[in-house]
There are 2 protein chains.
Amino acid sequence: MALEGKLLIGQQSVSGTRANIQATNPATGETLDPAYVGGDRSHVEQAAALAWDAFDTYRETSLEARASFLETIASEIEAIGDELIERAVAESGLPRARIEGERGRTCGQLRLFASVVRAGEWLDVRIDPALPDRQPLPRADLRQRHIALGPVAVFGASNFPLAFSVAGGDTASALAAGCPVIVKGHSAHPGTSELVGRAIQKAVKACNLPEGVFSLLFGAGNEIGQALVTDARIQAVGFTGSRSGGMALVEAAQARPQPIPVYAEMSSINPVFLLPEALKANAQGLGEAFVGSLNMGAGQFCTNPGLVVAVKGSDLEAFTQAAQKAVEQSGAQTMLTPGIHRAYEQGVTALGGEAGVREVARGQTGENGYQCQTGLFATSAEAFLSSKVMQEEVFGASSLIIECQDMAEVKKVAEQLEGQLTATLHMNDADIDAAKALIPTLERKAGRILANGWPTGVEVCHAMVHGGPYPSTSDSRSTSVGSAAIKRFLRPVCYQSLPEALLPEALKESNPLKVSRLVDGKRNA
Amino acid sequence: MALEGKLLIGQQSVSGTRANIQATNPATGETLDPAYVGGDRSHVEQAAALAWDAFDTYRETSLEARASFLETIASEIEAIGDELIERAVAESGLPRARIEGERGRTCGQLRLFASVVRAGEWLDVRIDPALPDRQPLPRADLRQRHIALGPVAVFGASNFPLAFSVAGGDTASALAAGCPVIVKGHSAHPGTSELVGRAIQKAVKACNLPEGVFSLLFGAGNEIGQALVTDARIQAVGFTGSRSGGMALVEAAQARPQPIPVYAEMSSINPVFLLPEALKANAQGLGEAFVGSLNMGAGQFCTNPGLVVAVKGSDLEAFTQAAQKAVEQSGAQTMLTPGIHRAYEQGVTALGGEAGVREVARGQTGENGYQCQTGLFATSAEAFLSSKVMQEEVFGASSLIIECQDMAEVKKVAEQLEGQLTATLHMNDADIDAAKALIPTLERKAGRILANGWPTGVEVCHAMVHGGPYPSTSDSRSTSVGSAAIKRFLRPVCYQSLPEALLPEALKESNPLKVSRLVDGKRNA
């Protein structure tokens, strides 16, 4: 497919008017054609008008039609074939196997949401039948279902050019909920975005849906983003990126005449707690496995383990030595963009220069300018507790070991942490009591608590929570990965005494959709 | 019980330091003793510290213990007996039967939440078992439950001194979720608040819960409110009141270093659509019933029918005439406070003075200064569509009839409405198509759609939605009445590969709580 470098507005390809966006291959420094001419407010206006026109129709498509649309998107993405893989590798510098895996994850995610749509749990159907004889007053028939919020603006992330981008988790869950989607493609991978955007365009057409169900815009500055978030027709926002970027969207959304929810997944340093007995039993193995997780994807994961917390002593020394060796042997890895590489270098320098921080090891230096050199640092709990810089996310392969006096100080460190996506415990049976003492704190701090694993690698399933207290996200009540992500784009509506002919399918007495229902508060499958 | 006029902080009664708050009997103008000396920031500090200390313990109480606590609160409120009824009547000017009914509703609501806690649906348990043999990568065991957000600040409303106040829906649902609660009592009914606050205090003690589970503060200005919303330990806010009051809390909550959710139920004019055939069949009966709903509680309901929309002609004239007669016969009713009465008078004057609005009828004038004189007005759809004032809520018995040229104009009016708590259709079988054409708009505008009833009278049940798009609330994804209100104070946490000994009861393999679970996405009771 010849890339056109245009905006996709409904079924049209439209030329932009603003500054060019052009991807760079971070592995070679080469500029990748074509140039994408940025859009302006008028393009947001067109896309939002189409999305609004599509909304009432799209949100009432049958469960089967909507599920089939999501599956068609997955098939269309697969049908692009190798061109998609090659372009995504070129635009991200990520290894081919990783991009192939990510394509699988992206299509699997779309198919998961198809099954979620069909199962209908997201409707959260509740029925309280009429009680005409109740004293002192009769009760009317009351039925609740959830409906889509409205058109959603999605901001693609840099670090997953497929799974958190144009057809990523935000788009899949919003479409599953019945919301039209307007994506602002990430400027680091416009070609990948166009290819996936065209796949969705084709699926919209093949499924005979109104064209406004999907549009894809590009823009170099924040004109498009601000216009999207402040457009009266946009009813929710999905975002994955920096804390400053996310909070700018939150502020713009709150300042609207009608404020709207923003689901921004922002920053997390994902503390890993090495409990004493597990550390004693396997200090070296843990040190090596830790660096494996740290280096994964050049550390460019929201769940990268940026903090290790343990009681100091010979076991932690053995861990640190093993980690040091592994870091020293770590090859340089190409980062996603020059900007990300620059921010990584600055972050590592700031962390290494902080009072009380010592450098444990650096990885190998790279051959080109955008390669990261893994960084491992250590400090005392005392120093950590009085530092702000040490809690800031360094996006990339960088981590800090906190040496504590005892488990009480470990808990103190945990209590002082900001909100996190994940908190990890390495433990064995003899650590159960120590773990029990920490878990209440970790539950308040993180969206996911894991034992004896590493936080990188986020399963797309029903129980996943990829979310957490601020600043890991802007809304701790939600997840951006897994089937519960659909809830972000829904709101409840109650129907009182409506005649059967006017009730939506989900609420009809005979339960034609065969969905699970709460009848008088009791689960009734 | 002798009222003390003090703040209730945990199990203590504490004297305030700021200006006095003293209730007025709006029916007599009499000042009611005792004076309540307002608290300051230090009282918020004490209450928040206690709430925070109580949080980890309270949120992990057993389902039975928490349910039993809610039931004990209900019994303690009932045990106050007539003193509560008399004080609430004196402080609100509401009739005794209404206050008795409201006490029943308040205690019923607490008992409903006890049953909700026991049923455990709110935990939204999801289990995705480990798949150790999955290719290319195994899946870890993943389990999700919901936990309480943290201490919640509740702002009592003026218009329901029991059901939306100290032990009202916000408090009941937050306590059910496992959140300690700090209430800022409404200054219009401090004695009623103290009585109910003491009942909760007793229940906390009787159930051996940490004292910080509940505190009750008073304050004349916004010092207490701002201190509560900006305290780092407060994690959510429940509010019922004016749009300006609600949005001030939203702004304060968003400006915190860690923003928190605010559930503000604010303003709604609750449009009633009279569809042509229903109007033709029963114009007079509808007109009379409408005024009954309009006058209920002196119109001081969030769901008061402030707008009637219909196609003009002889049927609407018959409706208007019947309503006019009923309004003219409407006795004056005492309003809750002098301030509310003043705002009502101003609102009615502004509405009556708006270009294109004619007065249809006023009710009888009252004998004292705080009685409202029901107001009914009419205008054309054309005038309504170009007016901002006509969409503003007049809190009290005031309503506006919109005369439309045809059903297309009815729909135009519906499309231009702001967000609402309710939208009502009066219709019969011959109106089905007209109703079908309106419902998509009404679903986007309101949290509850009802047919052939009146919006006043909000059932406390599982399917209720007392919520809706902005400005009816600050968060359209929620309800403040009914069992789904508990969801406002919860967030999901995922547990990955945790040993059985560390899993919370709700997630243990044997399902000891016998809660409904989603296993691999399938409902499994």
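Predicted model only: the values in this text are computed from it and were never measured. Within every chain, numbering begins at 1; the chains are lettered A, B, ... in the order of the sequence lines, protein sequences first and strands thereafter.
- Contact of Arg134(B) with chain A is made through the side chain alone, with heavy-atom distances under 4.5 Å.
- Considering every non-hydrogen atom in both Leu149(A) and Arg477(B), the closest pair reads CD2-CG, 4.3 Å.
- Both the backbone and the side chain of Ser476(A) come within less than 4.5 Å of a heavy atom in chain B.
- Between Ile439(A) atom CD1 and Asp56(B) atom CG the span is 12.0 Å, to the nearest 0.5 Å.
- At a 4.5 Å heavy-atom cutoff, the contact between Asp124(A) and chain B is made by side-chain atoms alone.
- Only the side chain of His146(A) comes within contact range of chain B, with at least one heavy atom under 4.5 Å from a heavy atom of that chain.
- You'll find the side chain of Cys461(B) stays beyond 4.5 Å of the side chain of Arg126(A), heavy atoms only.
- In this structure, Asn452(B) CG and Leu498(A) CG are separated by 9.0 Å, a value rounded to the nearest 0.5 Å.
- Only the backbone of Asp520(B) comes within contact range of chain A, with heavy atoms under 4.5 Å apart.
- Only the side chain of Glu60(B) comes within contact range of chain A, with heavy atoms under 4.5 Å apart.
- Counting only heavy atoms from C-beta outward, the side chains of Val250(A) and Pro259(B) never approach each other to under 4.5 Å.
- Tyr470(B) places none of its side-chain heavy atoms less than 4.5 Å from the side chain of Arg256(A).
- In terms of non-hydrogen atom pairs under 4.5 Å with chain B, the most contact-rich of Pro136(A), Gly447(A), Ser497(A) is Gly447(A).
- Contact annotation for Thr424(B): neither backbone nor side-chain heavy atoms come within less than 4.5 Å of a heavy atom of chain A.
- Listed options Gln144(B), Arg143(B), Lys436(B) were ranked by heavy-atom pairs under 4.5 angstrom with chain A; first place goes to Gln144(B).
- Residues of residues 484-496 of chain A that come closer than 4.5 Å to chain B, counting heavy atoms only, are Ala484(A), Lys487(A), Arg488(A), Leu490(A), Arg491(A), Pro492(A), Val493(A), Cys494(A), Tyr495(A), Gln496(A), ordered by residue number.
- Residue Ile147(B) touches chain A through its side chain alone, counting heavy-atom pairs closer than 4.5 Å.
- Residue contact with chain B, scored on non-hydrogen atoms closer than 4.5 Å, is absent for Thr422(A).
- For Asp141(A), no part lies under 4.5 angstrom from a heavy atom of chain B.
- Proximity to chain A is limited to the backbone of Pro257(B), based on heavy atoms less than 4.5 angstrom apart.
- Side-chain contact between Pro469(B) and Gln235(A) is absent, with no heavy-atom pair separated by less than 4.5 Å.
- In this structure, CD on Glu121(A) lies 5.0 Å from CG on Leu518(B), to the nearest 0.5 angstrom.
- Atom-to-atom distance recorded for Ser115(B):OG and Lys522(A):NZ is 7.5 Å, nearest 0.5 angstrom.
- Looking at Arg444(A), the atoms closer than 4.5 Å to chain B (heavy atoms on both sides) sit in the backbone and in the side chain alike.
- The structure places NE2 of His462(A) at 14.5 Å from CZ of Arg517(B), a figure rounded to the nearest 0.5 Å.
- In terms of non-hydrogen atom pairs under 4.5 Å with chain A, the most contact-rich of Met464(B), Gln258(B), Glu443(B) is Glu443(B).
- Proximity to chain B is limited to the side chain of Gln254(A), based on heavy atoms less than 4.5 angstrom apart.
- Most heavy-atom pairs under 4.5 Å with chain B: of the set Gly453(A), Pro504(A), Pro499(A), Gly457(A), this distinction falls to Pro499(A).
- Both the backbone and the side chain of Leu142(A) come within contact range of chain B, each with at least one heavy atom under 4.5 Å from a heavy atom of that chain.
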